[in-house]
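Here is how names work: the chains are called A, B, and so on, in the same order as the sequence lines, proteins then strands, and each is numbered from 1. Remember, it's a predicted structure, so these values are computed and weren't measured experimentally.
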Amino acid sequence: MMDPEFESAESFEAAPIAPEEALIIEVDGFEGPLDLLLALARNQKVDIAKISVLQLADQYLAFMESARRKRLELAADYLVMAAWLTYFKSRLVLPQAAPVGEPGAEEMAALLRWRLARLQAMRDAAARIMARDRMGRDVFPRGEPEPVQVIRTRKYSDTMYDLLTAYSRERVRVLGHRVYEMVRPPILLIEEARERIERMLGKIPSWSLLTRFLPPDWTSGAKRRSAIASMFSAALELTRDGKLELRQMAPFGEIFLKDRTEKAGEQTT
Amino acid sequence: MAHPVDPETAVGQEAFELDPAHLRIVEALLFAAAQPVDERSLAAALPPQTNVGAVLTELQRQYEPRGVNLVRVAGKWQFRTAKDLGFLLSKQAVEERKLSRAAIETLAIIAYHQPVTRAEIEDIRGVMVSKGTVDALMEVGWVRIRGRRRTPGRPVTYGTTEAFLVHFGLENIADLPGVEELKGAGFLDAVPPAGFSVPSPSDALGPDEDPYEGDEADLLAPPEESPAADG
Amino acid sequence: MAHPVDPETAVGQEAFELDPAHLRIVEALLFAAAQPVDERSLAAALPPQTNVGAVLTELQRQYEPRGVNLVRVAGKWQFRTAKDLGFLLSKQAVEERKLSRAAIETLAIIAYHQPVTRAEIEDIRGVMVSKGTVDALMEVGWVRIRGRRRTPGRPVTYGTTEAFLVHFGLENIADLPGVEELKGAGFLDAVPPAGFSVPSPSDALGPDEDPYEGDEADLLAPPEESPAADG
């Protein structure tokens, strides 16, 4: 099943944790998919640079599956990451099938390791900053300053924060009077679907299932049907605009989509 | 020939029998205190049996020739600027103030919606805006009259000044964040009320705006030099 | 008498002429002012041609063993209590607003990657920036809007403030802990190794993005009139 080369590489590392074991992790504690992946990675107890991405992908996908069973609402970010990891696994299984110009499994694994290592590095840096000798906690300025001539003193202490808070508060207050609640029928607007896909442009791995990108809470019943229809229409529009490619292998078969913006991005100024 | 600083006058160079650690502690406590400190409070930070009076006398002696002196006021101790250097101090402390809520809101509307007339500010805020509020913002130096609207009555239009940009740390009035950015930074809820939009403010003269010629000649100063975005 | 100090020999040498009167003046000014003071402001109180840097270096040396130290923060100078005495001054400690883990992480990303857009912060953290993150950091006064990036959408860029440097006792941004290692590891580069597609919750930094290069001249219209305010 697996490419022998990769199997041997992966088996160098800690034995995969059974999916059930990884599920003790609660979604509430995590700030997004990368945070979750980093926690899973730390469970492997090896240097992030040497982490088994296959094992990580399995754990992550198992986590997603359990969240789905528990009907937990996961943000779109989690789904995008799941799609990416699924694609990674398919690359691992069929390395020779990688289309020209698309990353192979090794590249993908290296990228994920890099992102996890970067997040960890920034967390460590944050801890180092917060541990410094801080004014008002560890070191103190003169407690009884005397006014000095050479120092320009500002007359007003209003800040950008005050200005933006005032503006937002004021506009919302005035407009708030004109707002009324509207009960929404279970219809995903095409604009919303389009916005959703557009937000993911640039991050959709090659050929992904359209249904993977349904908004959370729109994955069953009438809402699912509306969501699929709108996502498909939006995908068609984006295909017309040259931002996506669509593919359907057989009538009534699954619809796949592929991002075309990445290449475009590299060429423009 | 150059000669080094006399070690006698340098703080910390003296030979004294007192524990330098105690001097350091009293020095730091007096420095950070917001008002004069009594000896009992200082003693509480030192080991029992420490002669606080001797520590203070030694500190006072060390600081005596310096720019800052240790003085005793009403039985308590405090650091003060040396008397002969009083000329360095300004007579009056400037108390930092904040604009009133009405004023900062009006300022924010002017910043985002410029060029804007007073009637338009009232329309956006949904309340009467007193002339005093706009006048006060002009007095602070953050709001100016930009021009006149080419509409009946030719009302004056308001905008922000270079001083406004400097104070709020903007290089350019167009750098004010838009709706998405206000949302992203957390100033607005993810779903703002219907009809919420933010104009893109600009320094450039609006299409229906005439430059302000001024009612009084003294309002017309020579054009400013190129704006320097220096904090 | 006083001849100009050769900058070559002045560096690291104490054998040049320092007027004790100058030390006293700088000492008094820095003591009196609670906030950090820049060298230009100090120079303004001294005779022309005074080597302010040498005065400061000497003062710093004299205070080094004491309970109060002279430190350089945000490119300015400030007297602070010695680091090891913080425990004595807990009574003076200001109650600090507790920042969320997300806000602290975001602060670090802004500090090391500035100028940085919200999309880039989201790319690094792998999650959308939520309410109470950037706005909370702006409220504390550690983060500011720096400008806009010269890319489609012209996103706002964020950076840290002088108050951030002062609070954390940093001379400048290059003084951030571990900045060199992070740079060496490529973690501060805007883009990951080329050729990768990145799953991320928002627009990742594309290869078509230019670093922010200050204000854009084309957006800065020349002032049409003098600011009428503040005569």
Side-chain angles (χ1 to χ4, degrees), chain B residues 2-5 9-12 20 23-29 31-32 45 66-68 79 81-82 85 88-89 138-147 161-163 169-172 174-175 177 181 184-187 189 202-205 211-212 214 219-224 227 229 231, chain C residues 5 14-18 20 23-29 31-32 45 58 62-68 79 81-82 85 88-89 92 118 128-136 138 144-148 154-156 158 161-162 214-216 219-231:
Chain B
H3 40 91
V5 176
T9 60
V11 175
L23 289 178
R24 289 181 81 235
I25 288 171
V26 171
E27 194 173 31
L29 283 172
F31 174 84
R66 305 196 66 96
V68 176
F79 278 119
T81 304
L85 296 178
L88 294 169
L89 304 177
M138 287 179 61
E139 191 141 326
V140 176
W142 290 344
V143 163
R144 66 190 169 111
I145 296 176
R146 294 174 43 134
T161 62
E162 185 63 31
L170 289 173
E171 289 203 16
N172 195 301
D175 288 349
E181 289 149 345
F187 288 99
D189 286 332
S202 162
D203 284 344
L205 215 57
Y212 185 68
L219 283 173
L220 268 179
E224 276 185 311
Chain C
V5 179
E14 275 153 46
F16 51 81
E17 222 165 334
L18 280 177
L23 286 179
R24 290 183 80 233
I25 286 173
V26 171
E27 187 175 37
L29 283 173
F31 237 82
E58 173 59 18
Q62 292 181 7
Y63 274 92
E64 200 253 307
R66 305 198 64 99
V68 173
F79 274 119
T81 56
L85 298 178
L88 285 170
L89 298 154
Q92 266 92 357
R118 181 167 56 91
M128 305 287 266
V129 173
S130 60
K131 198 165 163 56
T133 310
V134 176
D135 58 331
M138 282 178 74
R144 67 188 169 101
I145 292 172
R146 283 183 58 141
R148 283 182 185 276
R154 300 182 41 76
V156 161
Y158 296 97
T161 61
E162 184 179 313
D215 72 41
E216 302 203 6
L219 281 165
L220 260 185
E224 300 91 47
E225 70 220 35
S226 67
D230 206 7

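Ranked by heavy-atom pairs under 4.5 Å with chain B, the list C/V134, C/V26, C/V129, C/T133 is led by C/V134. Among the candidates B/A45, B/A163, B/A32, the residue making the largest number of heavy-atom pairs closer than 4.5 Å to chain C is B/A32.
A heavy-atom distance below 4.5 Å is found between the side chains of C/L89 and B/L29.
Closest heavy-atom contact between C/V156 and B/E181: N-OE2, 3.0 Å. For the residue pair B/L88 and C/A28, the shortest heavy atom distance occurs at CD1-CB, 4.0 Å.
The closest donor-acceptor contact from the side chain of C/R118 to the backbone of B/A185 lies at 3.5 Å or more, if one exists at all. Proximity of a side-chain donor or acceptor of C/R66 to a complementary backbone N or O of B/R24 within less than 3.5 Å is not detected. Looking only at distances, a side-chain donor or acceptor of C/R148 sits under 3.5 Å from a matching main-chain atom of B/A174.
In this structure, C/R154 CZ and B/D175 CG are separated by 7.0 Å, a value rounded to the nearest 0.5 Å.
Interface remark: B/L85 contributes side-chain atoms only to the contact with chain C (heavy atom separation under 4.5 Å). Of the atoms belonging to C/F79, heavy atoms from both backbone and side chain fall under 4.5 Å from chain B.
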